[in-house]
Number of protein chains: 2
Amino acid sequence: MPRYGDEECCDMRGLLGFLILFLLSKKPMHGQEIADELAKRRGDKPSPGTIYPALKSLKYAGFLREEEKVGKTITYSLTPRGMKAFHIAKRRFTRTFLGVLS
Amino acid sequence: MPRYGDEECCDMRGLLGFLILFLLSKKPMHGQEIADELAKRRGDKPSPGTIYPALKSLKYAGFLREEEKVGKTITYSLTPRGMKAFHIAKRRFTRTFLGVLS
DNA sequence: TTATATATATCGGATATCCTATATACATAA
DNA sequence: TTATGTATATAGGATATCCGATATATATAA
């Protein structure tokens with residue numbers, strides 16, 4: 001039952017999609033920009049096999065779209081539907097973690 | 001690839017352990033108290049099959065201990081090791097979600 | 001005693017996250 | 001043209017989270 005590491009209580013997975021919507025709600029970005037921003041925040045950079053399937057799923061769900069494509073660089077932005085999903089998730093997030101940050 | 005629901009962007013799993021440590025960092029509680037508090041925060045109450053294995057893992061990791069047992073009611077509290085793990089996780093959490101709440 | 005409610009416990013499995021490895025396409029420098 | 005670097009893409013699989021169903025133990029009420 002080695003569920004937790006030495007000083008780590010959880011891996012905080014399940015929030016990648018939420019974080020991507022959050023970042024895109026501030027400004028359109030492409031995959032590598034998002035990965036780099038997540039690296040700064042979390043401490044480790046998500047691999048290509050992590051970030052691109054996540055973007056694909058969010059796009060498939062109608063939460064984001066390709067805004068621009070220059071060479072292989074695809075800039076994504078939130079759709080209205082994605083904005084709505086983000087705000088709903090943000091409300092839940094805020095209520096859930098009320099008091100954790102203070 | 002039905003990864004996301006209609007208006008939901010993620011299920012925010014992976015944070016149950018973190019939330020339990022957070023709640024116990026404020027005061028000792030027993031399993032049902034924790035489940036009820038999570039119900040208020042998240043909107044749905046974690047099932048016994050969710051909460052008790054989580055407590056067991058955290059105890060196994062040395063993050064919490066049984067402080068008192070009355071009948072079947074077990075009150076848990078954080079160990080110093082659990083406090084440390086919580087603070088480390090909290091720092092990471094804060095850095096990761098900087099700007100989401102505002 | 002019997003019935004009911006509460007709290008804890010565990011098994012099995014569904015699901016999702018995430019990574020490793022690999023491949024492809026485009027741009028630019030040599 | 002060739003080489004190199006960058007960005008995207010996907011298959012396959014390891015792992016973890018979480019829940020549904022079920023069982024057990026204790027306390028209390030009828």
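Chain A is the first sequence line, chain B the second, and so forth, proteins listed ahead of strands; every chain is numbered from 1. Keep in mind that the numbers below use all heavy atoms, side chains included, and drop hydrogens, waters and symmetry copies.
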Tell me: CG of A/L58 to C1' of C/dA16, nearest whole Å?
-> 13 Å
Approximate separation, where rounding is to 0.5 Å, of A/Q32 CD and A/T73 OG1 | 9.0 Å
May I ask whether A/L101 and B/L98 are part of the same hydrophobic cluster, defined by side-chain heavy atoms of I, L, V, M, F, W, Y residues being less than 4.5 angstrom apart, directly or through others?
-> no
Check the distance between D/dT17's C1' and B/L55's CG and give it to me in whole angstrom.
-> 15 Å
Can you tell me how far P of C/dC11 sits from NZ of B/K56, to the nearest Å?
-> 7 Å
Nearest-Å distance, NE2 (B/H30) to C1' (C/dA9)?
-> 15 Å
Rounded to the nearest angstrom, tell me the gap between atom CG in B/L15 and atom P in C/dC18.
-> 10 Å
Find the distance between NE2 (A/H87) and OG1 (A/T94) and round it off to the nearest 0.5 Å.
-> 10.5 Å
A/F18 CZ to C/dT17 P, in whole Å, measures 14 Å
Contact class for B/I74 vs. all strands (heavy atom < 4.0 Å): base, sugar-phosphate, or nothing?
-> sugar-phosphate
Please check if the side chain of B/T75 supplies one atom and the backbone of B/P28 the other of a donor-acceptor pair under 3.5 Å.
-> no
Separation of D/dC18 P from B/Y52 OH (nearest whole Å) | 16 Å
A/L64 has an atom CG; how far is it from atom P of D/dT8, in whole Å?
-> 13 Å
Do B/K26 and B/E37 have side chains that get closer than 4.5 Å, going by heavy atoms?
-> no
Output a table of nitrogen or oxygen pairs between the protein and nucleotides 20-29 of chain C separated by less than 3.5 Å.
unit_1 : atom_1 : unit_2 : atom_2 : d
C/dT24 : O2     : A/K72  : NZ     : 3.4

Residue whose nearest DNA chain C nucleotide is more 5′ - B/G31 or A/P46 = B/G31
Per A/L16 side chain, nearest of listed nucleotides D/dA7, C/dA7, C/dC18 = C/dC18
For B/K90 and A/V100 the tightest heavy-atom approach is CE-O, 3.1 Å
Only one of A/F93, A/F63, A/F18 passes ring-ring contact (aromatic ring centres under 6.0 Å, His included) with A/F86, and that residue is A/F18
